[in-house]
Every structure is written in C-alpha cells, then in structure tokens.
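Encoded as structure tokens, the structure appears first; notes follow it.
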Amino acid sequence: MAPTSPRREIVIVGGGIIGCCSAYYLTRHPSFDPLRHSVTLIEASEIAGGASGKAGGLLALWAYPSDIVPLSYKLHAELAKEHGGKYRWGYREVSCGQLIARGRPLSEKKEAAEGESGSLVSLQKRNAAAKAQRTIPTALPDLDWIERDLMRGYDSMSEPGETAQVHPYLFTTSIAKLAEEKGANITFGSVSGIGYAGDAVQSVTYTDKASGESRTIPATDVVVAAGPWTRSVLPEAPISATRAHSVVIRPTRPVSAYALFTNIEIPTNFDPSKHSHPTVARPEIYARPDNTVYTCGEGDHVVPLPETAADVEVDQARCQDIIDHVGSISDELRDGQVLTRQACYLPNVEAVRGGPLVGHAGTKGLYIAAGHTCWGIQNAPGTGKLISEFVFDGAAKSADIESLDPRNYL
C-alpha cells in the first residue's frame, strides 16, 4: 500500500497574476490532492487590483530574464488553447516594433512640423539582444492609424510568432477563477506576519478585510507573491516600487494589432498654454482586440508605495501627457474616447543582476515569487509552474532558474 502524502496547508500572499498563477499550477500539480492539501490565496484589496490589472499585457520571446521566458511564453499559448483565452482574455499574436515619429502641436490637425527625429533610444521592455530590422513607413500599410507624414522610421522587434498579448485584468481574474474551480480558496485581508516554528513556517496572520478581525491560519508552505508590497511581509527582500501611469482609449475606429514602443519628438510649441522645451516622449502603445488601445508612459518615484493597491494615487497631469503625446501622432487616438486613467506600482529587485526572485527563501516552507518588473504578466505562468514544483517536488524542474534563487539576495 502506497504511503499517503503529508497534510499540506499552502498559503499564497498576493492576488496579482503571480499569486493567481501559483494557485492555478499548485492545484494542477500531479501530486496535489484536495483531500490532503489546501491552497489559500490571501489578497489585501482585490484580485488584479494592482499592476496585474493595469499593465499592458505584452508577451514576448525576447523578454527577460531569458531563463524563464521561453517556458512562460509557451505556457501562455497552452493556457489560451486549453481555456479559450482568445475569447476569455484577448490572447493573440501581434506585430511589435519601435516607432520613430515627430509629434505635432496640439492645435494642429494633419500637418507635421519640419525637422529630424530623435535618435533611437533603448526602451525598458526591450532586450538589448533583440533583433531589429529597419523598414520604411510605407512598408507598413496596416499601421494606418499612425499619421503617415509624421512617421520617421520603424524597427521591427520580433519575428512572427515571437510577440503576443493578453488583457491583463481578464487574464488574472480568469486564472484566479480557474484555480478556485480546482479547490483554491481566495480570502481577502492584509497579511501582517508569518509565524515560524524553529526553522520552518507555521502560520500566517492577516487582518480580515470585511470584519477587521485578526486571524491566524496554519501553514506548512508560504508563497510570498506580493509584488511591490513584498517587503511588508518580508522586510529583508530587496524589492522596491516604481509608479507607472497608463490610459485606455477607445479609438474612433478599430485599429490593427500592433504593440508600439515609440520615440516621439515633441516640438517647442507643442502646448501653447505651457512653456516647454523640445523633448522626446516614449509612450508604449498596445492595440487590443476589444477595440481599445492601452498606452503608458515612463515611471516615477514621486509618491511612495501606499498601503494597498486600492490606495494608489493617480496623477491626472501625467495621464493627460500620455493622451496628448499619442494623440500628436494619431487622429484615431486623439479623437477617441478616454475610458480609463490609472496608475500602479511595478516591483523591482534592488540588485545588480535584477530579478525576479523565484524559489526557496532560506526557511523551510517559505518561497518568494516577486520582483518581476514590467514582465510580470509575461512571466507569470512560468513562475507559477515553477513554484508548484518547488512546493511539491522540492526543486524547479521545468527550467533552470538558479540565477533567480532568492537566497542569492537575502
């Protein structure tokens, strides 16, 4: 008679895409037994309330870090095929490139100002090793929602099949629901501490969101997937936060499937109401299959990380800058309907080698899955699968992620 596996009380801290994918793959691991194993996900505000609901949702084989990207990109395709991701969370392949353009003043309609464009600049999401093939604007007839006379150049960032997208909020909430269907329990509350017995985790204490009561639940395994809030649970974790603003626009007509990293030259007379100097704006623009366009600007550290995702402060002026910049090269975006102005915080690893941190944290039963920067949506399935292997198998099996070992940083 085969020996029975020991009772496991698995607790995940954080209801973003990393926590939800961890719950999903834990409940689908071959060793998972709902009669002997429990998976409880604790979220302070709401599922996908932070960056996981407000990100761009870009997926790319040229993303980083390279030791986890191929696995996660493949898993995205498998998840979409198994669960109808095309219709459920907008999974599709897209063209992707860096666009150089000259922005027109806000008062102008079709005419672009004269002058040379700025030089190519390395973008946050772009891997330095990614291939770029220069094409001329006329070779992109389907990119007709960018004003042709304002385009100065286009660099393709990927080959066909190497870049895709999902709607991050729909993806995260769908994965959470799929995890629940296999037995995961989602609880809302703010985790205040992890209890230890000797060299192993023993419990998790949190404040229930609805009642305000403090509760402690047993835990044999704790996965800290709290994104930029990881330090509130593990102060020693080298995780910091960067605020990022974004806007969702419904264009005046459907637009083609492109993810654009832009370099837009902003002229001196861009906004007559403000005194300004020539500069370069670099918004990212992602067309989505639901006839919306997501666009985001560069990050800032003006406002410290708030207590929860529900308390994030949105700077309306930064959102307006994004709207003005993308509208300066596209009539469809300038004249479209602004649906959402929002902000979130991205988790960064404060170390030379960067992150994310995925795996054992040095204490028996304690794991970290955090610090995914701007590639959290892309790398979440791979992270979740690997976490399930750490918990049930004791080590990562699907990818070699020794460089992401949290014990290298703690």
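Everything quoted here is computed from the prediction, not taken from an experiment.
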I want to check something: taking the side chain as every heavy atom from C-beta on, are [X] and [Y] in contact at a cut-off of under 4.5 Å?
X	Y	value
Glu298	His245	no
Asp221	Val11	no
Ser158	Leu61	no
Ile146	Tyr258	no
Ile12	Leu26	yes
Gln342	Val247	no
Met151	Leu99	yes
Val326	Ile285	yes

Below 4.0 angstrom, N of the basic side chain to O of the carboxylate: do [X] and [Y] qualify?
X	Y	answer
Lys397	Glu389	no
Lys364	Asp199	no
Asp405	Arg407	yes
Arg318	Asp321	no
Arg231	Glu350	yes
Asp335	Arg253	no

Check whether [X] reaches the backbone of [Y] with its side chain - one donor and one acceptor, N or O, closer than 3.5 Å.
X	Y	result
His372	Gly227	no
Ser232	Trp229	yes
Arg152	Asp149	yes
Thr27	Tyr24	yes
Arg250	Asn291	yes
Thr220	Glu9	yes
Glu162	Glu159	yes
Tyr345	Pro304	yes
Thr308	Ala310	yes
Ser156	Gly97	no

So how far is it from [X] [atom1] to [Y] [atom2], rounded to the nearest 0.5 Å?
X	Y	atom1	atom2	answer
Leu366	Leu234	CG	CG	5.5 Å
Ile322	Leu333	CD1	CG	12.5 Å
Thr340	Ile249	OG1	CD1	10.0 Å
Glu82	Leu75	CD	CG	11.0 Å
Asp271	Ser328	CG	OG	11.5 Å
Cys96	Asp155	SG	CG	11.0 Å

Sorted by chain and number, sequence neighbours left out, side-chain hydrogen bond (donor to acceptor under 3.5 Å, both in side chains) with Thr187 holds for Asn185
Using the side-chain hydrogen bond (donor to acceptor under 3.5 Å, both in side chains) criterion, which residues pair with Glu78? Sequence neighbours excluded.
Lys74
Taking all non-hydrogen atoms of both residues, which atom of [X] and which atom of [Y] are closest, and how far apart?
X	Y	value
Val204	Ala219	CG2-CB, 4.2 Å
Thr172	Gly15	CG2-O, 4.2 Å
Gly103	Pro267	O-CD, 3.3 Å
Cys21	Ala380	CB-O, 3.5 Å
Leu386	Ala396	CD2-CB, 3.7 Å
Tyr206	Ile217	CE2-CG2, 4.1 Å

On the 0 to 90° scale, with breaks at 30° and 60°, tag the [X]-[Y] ring pair as parallel, tilted or perpendicular.
X	Y	result
Phe390	His360	perpendicular
Trp62	Phe261	perpendicular
Phe32	His37	tilted
Trp89	Phe171	perpendicular

Can you run down the side-chain hydrogen bond (donor to acceptor under 3.5 Å, both in side chains) pairs that involve residues 45-57, sequence neighbours left out, and say none if there aren't any?
Glu43-Ser45
Examine Tyr294 together with His167 and report whether their ring centres are nearer than 6.0 Å.
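Not close enough - the centres of the two rings lie 6.0 Å or further apart.
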Could you tell me if [Y] and [X] have a donor-acceptor pair between their side chains, going purely by distance under 3.5 Å?
X	Y	answer
Tyr73	Asn379	no
Ser174	His83	no
Gln165	Arg288	no
Ser330	Glu147	no

Residues Ser403, Asp67; criterion side chain to side chain donor-acceptor pair (under 3.5 Å); working and verdict
CA-CA 8 Å; Ser403 66; Asp67 37 12; 2.6 Å; yes
May I have the step-by-step check of side chain to side chain donor-acceptor pair (under 3.5 Å) for Asn348 and Thr242, ending in yes or no?
CA-CA 7 Å; Asn348 304 304; Thr242 299; 2.7 Å; yes
Check the pair Ile368, Val358 against side chain to side chain contact (heavy atoms under 4.5 Å, CB included), reporting the backbone distance first and the verdict last.
CA-CA 5 Å; Ile368 298 180; Val358 181; over 6 Å; no
For Leu260 and Glu284, what are the C-alpha separation, side-chain angles and deciding distance, and is it a side chain to side chain contact (heavy atoms under 4.5 Å, CB included)?
CA-CA 6 Å; Leu260 299 174; Glu284 298 170 19; over 6 Å; no
